[in-house]
Amino acid sequence: MDSRNHLYLVDGSAYIFRAYHRLPPLTNPQGVPVGAVYGYTTMLWRLAEDLHQADGPTHLAVILDKGSITFRNDLYDQYKANRPPPPEDLKPQFPLIRDATRAFSLACIEEEGLEADDLIASYARAATAQGWDVTIVSSDKDLMQLVGQCAQGGAGCVDMLDTMKNQRIGIPEVVEKFGVPPELVGDVLALMGDAVDNVPGIRGIGPKTATKLIQEHGGLEQALAAAPGMKASKLRESLIEQADMARLSRQLVALKEDCPLPVPLEDFALGPIPPEPLAAFLTTHGFTSLLRKLGAPAPVTASAGAGTGESAASAPAPVESTRQALPTWPAIDRDAYPCVQTMEALQDWIARAFAARTVAIDTETSALDSMRADLVGVSLATGAGEACYIPLGHRGADMFAEAPVQIPREAALAALKPLLESDAVLKVGQNIKYDLTVLARHGIAVAPIDDTMVMSFCLDAGRGETGVAGHGMDELASRHLGHTTMLFKDVCGTGKKQISFAEVPLADATRYAAEDAEVTWRLHQLFAPRLSDEGGTRVYQRVDRPLVPVVAQMERHGIRVDREVLAGLSSTFATEIARLEAVIHEKAGGPFTIGSPKQLGDVLFDKLGYKGGKKGKSGQYSTDQSVLETLAGQGAEVATLVLEWRQLSKLKSTYTDALQAAINPDTGRVHTSYSLVGAQTGRLSSNDPNLQNIPIRTEIGRQIREAFVAEPGHVLLSADYSQIELRLAAHIADVAPLREAFEQGEDIHARTARELFGEVNRDTRGRAKTINFAILYGISRWGLATRLGTSADEAQAMIDRYFERFPGIQRYIHETLESVRAQGYSETLFGRKTWFPRINSKTQAERQGSERAAINAPIQGTSADIIKRAMARMGPALAEAGLSRVKMLLQVHDELVFELPEDDVAKASEIIHAVMAGAAAPAVHLTVPLGVEIGVGPSWGAAH
DNA sequence: CGCGTCACG
DNA sequence: GACGTACGTGACGCGC
């Protein structure tokens, strides 16, 4: 047993910010928000529990920030100037953090003019100098500079503990994160800067480049000194020009290790924790299950609700039950998984899965495209530490090596099929749509299913510091399980040396694949109760989960694309592009790369001397469409030519060339992949290729839609919601005149024009249309002014007029923002949440951006919910009408595209119309009708 | 890899 | 008073 002293330094301020964002907005019995306090309290509890462990704390102190002005502001007045003020419902929690610390009878240190980081650094140094070990409880990257410090004979060691991820951070973890040892972390930070603390760094250098430079040169000063000798580049210039900024940044990120210590180290010694003050604190705030653990009787009244406004049907459990229920699993041991190579072993696992009733599955394949990938193996997980890998298509490492022993693929799949199709066993996957598609190609219809990626999306859309919380497995494992997964590149490598999963040795493949299944299983255990506690059940169960197999089937159907039509367009475009290029070069007085905005800007504004060039932040002239149109309006023919060149280049490279390459050789069709978690509002997104942005607005682009065709004897049917977002705005904001107009089937923009201007003509209708859209997108007078070509004052007058005629809109905007500011998220009519972590940002642009997005999200999101409900119902409705030959192929936000036999058109139109128009009911009764327009034709173009 | 640009709803 | 910001996406080419 180690008798050395071990000091724990808790970075309290950083912790509560993270706890605040991760935990639901709980309140104590007095109605005071305590979500972050609760998280903090449980963290202290867990640390206190380690008190008797061999490696546990002998001394502990909580370090807090005090005030906001520190010596760093003397170095750089902009330091932390971008920091948003804490959210309103976090502010009252700060003093409670001190209360909580005192309740545990622990030391709490804060000093004016010093950041918590500096106090931590100074205490860490003092402690290690005396030979103590130190653990810093934080995940702050600045503090990673302190890790290690094991140097001078017998002195103590420093590591970090991220309690949220339950992860120890030692030298290897720091090297993994920064690519350099702790003593060089400050140099990397100085180059990359830090947007949150407003440390400038060097513009254009991010984490990758910063790490590379420090690795190569061994330090900041060395890198700066080497700059003049580098080959001419933007990077070289930046390093030379901004060297002083980098040096300033280096000072800002340096930790002050010689602060006077306000309280001597010895005073942090831990003894048994006196229960009385703690019990009183827990009682006051209604932390009942911790009270129970303490052995005190829980008061009956102390159950604080989550206060999310959910209906009684999904009444939240008592305050901390969600967190308290966190299972205590053993750490993931990826070396312990069996590789299933015999039929007997496989049958054993199938039996276990039937008994468990829930099995996580993951398929391993040879490619990312689920329509082209070959199945290489399947992994299963039935519990913590219970996972296996079943190799099915592994090869030898090279042409001379024998393939490893495997169950023949078809035999194994035949054995798995009853399990995967059994109603009695829930199959859980991370992005299970992929596995559904792969297995469907082998005749297996996997059901019923849950998807941890989609569950995460229903819980946490928009969450996370960047505003975009990832929902990928590696990120979820790290965030929720504190586990760092093996990465695909760890087993297959990257770039030229990348190998197919089929060539991975079975031992590695088993570690990787079975771990993924186990992680998925664990995530499912966490997410299922969270969904019911946090009110996400409704939208997950009723909207997104049913959609998964539907979308998988749409992807599998794909759409027929006529290669000849595309090739013809490509060649026409190529000729015209070449002609334009010649003329443009002639007018420019010499050749240049038209596709380079940089070169084009120089040609237009420097060489040809046109006026009106504006350089942006990057020092480059803007040459976007609006700029070129302005020039063209002033008679610059070259601008017109460039616009034409741009249009054709775009169409050729993005569509007519790329779509030909996207035709699947096996099916002869194009299969997009939809992301169910791509858009924060709940919309789908489409990729590889994106079939949601096929041209339609210009005649020349529209020709591309002619290439999307039906099979012989069939037609394409396009059904789209007309003005769905405006209709929803009229319903949600209760705008009587707009509702009435929709009921009467009036032209909605004309009606708006009549309300705003008193008369309807081409001009007023156009302006009204612009304003209607501005409302949906979250209005700003400047934005509207730009679109209308008027002054901001006139735009403001227009907005005032709009609010006056449609007071419901103003009320909606006000109430939506109030609610998002207080709760942190918006909600659609069907209960889908979108989080806006920057809604209270101090940076105006950031805050206003969030506000506009928050105004738009309930409308765009409700529209997304409605079409998703229609999609989920479409298959059964068509089947019931005997229309099983009708296939749904595409979704483009407010449009569905079907392929069907010509004979089915009349009957199918009726069903499709009914399903789409009625998709909100019965969950939501809309006070406006949903209009659906249907078109039919031999091609997508003709169906519009 | 970051940026500018542009295709869609 | 200014921010050449109206919301949400994905893909391409350029230049490093």
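All chains are named by letter (A, B, ...) in the order of the sequence lines, taking the proteins before the strands, and each is independently numbered beginning at 1.
Residue A:Leu726 contributes atom CG, which lies 13 Å from atom C1' of C:dC7 at whole-angstrom precision. Separating the CD atom of A:Gln860 from the C1' atom of B:dC8 is a distance of 12 Å, rounded to the nearest angstrom. Look at CZ on A:Arg781: it is 12 Å from C1' on C:dC3, rounded to the nearest Å. For A:Leu896 and B:dG9, the CG to P distance is 14 Å, given to the nearest whole Å. Atom-to-atom, CG of A:Leu659 to P of B:dA7 comes out at 15 Å; the value is rounded to the nearest Å. In this structure, A:Gln692 places its CD atom 13 Å from P of B:dC8, rounding to the nearest Å. What separates CD of A:Glu725 from C1' of C:dG8 is a distance of 9 Å, to the nearest Å. Rounded to whole Å, the distance from OH on A:Tyr621 to C1' on B:dG4 is 17 Å.
Nucleotides B:dC8 and C:dC3 are separated by 27 Å at their C1' atoms, to the nearest Å. For the P atom pair drawn from C:dG4 and B:dG4, the interatomic distance equals 12 Å after rounding to whole Å.
Comparing C:dG10, C:dG8, B:dA7 against the side chain of A:Ala853 picks out C:dG8 as the nearest. Among the nucleotides B:dT5, B:dG9, B:dA7, the one closest to any side-chain atom of A:Ser622 is B:dT5.
In this structure the side chain of A:Leu213 reaches within 4.5 angstrom of the side chain of A:Leu235, judged on heavy atoms.
Relative ring orientation between A:Phe708 and A:Trp940 is described as perpendicular, the plane-to-plane angle rising above 60° on a 0-90° scale split at 30° and 60°. Using cut-offs of 30° and 60° for the angle between ring planes, the A:Phe806 and A:Tyr802 rings count as perpendicular. Aromatic ring pairs are classed by plane angle as parallel below 30°, tilted from 30° to 60° and perpendicular above 60°; the pair A:Phe457 and A:His471 is perpendicular.
Between A:Arg832 and A:Thr862, the side chains place no donor N or O within less than 3.5 Å of an acceptor N or O (distance only, hydrogens not considered).
For A:Tyr610 and A:Phe605, the ring centers are positioned 6.0 Å apart or more.
Every stem involving DNA chain C, taken as at least 3 paired positions in a row under the Watson-Crick or G-U wobble test at 3.5 Å, is listed here: B:1-9 with C:7-15.
Geometrically, A:Lys833 engages A:Tyr825 in a cation-pi contact defined by less than 6.0 Å to the ring centre and at most 45° from the axis.
Side-chain N/O atoms of A:Arg683 include none lying less than 4.0 angstrom from OP1 or OP2 on C:dT9. Note on A:Arg646: a side-chain N or O is less than 4.0 Å away from OP1 or OP2 of B:dC6. Of the side-chain N and O atoms in A:Arg203, none sit less than 4.0 angstrom from OP1 or OP2 of B:dG2.
Residue A:Ser675 is classed as having no contact, given no heavy-atom separation below 4.0 Å to the nucleic acid. The residue A:Ala774 sits close to a base: some heavy atom pair falls under 4.0 Å.
A:Thr623 pairs with exactly one of A:Lys598, A:Arg646, A:Gln599 by the side chain to side chain donor-acceptor pair (under 3.5 Å) rule, that one being A:Arg646.
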Scoring nucleotides 11-16 of chain C by protein non-hydrogen atoms under 4.0 Å (B base, S sugar-phosphate only, - none) yields BSSSSS
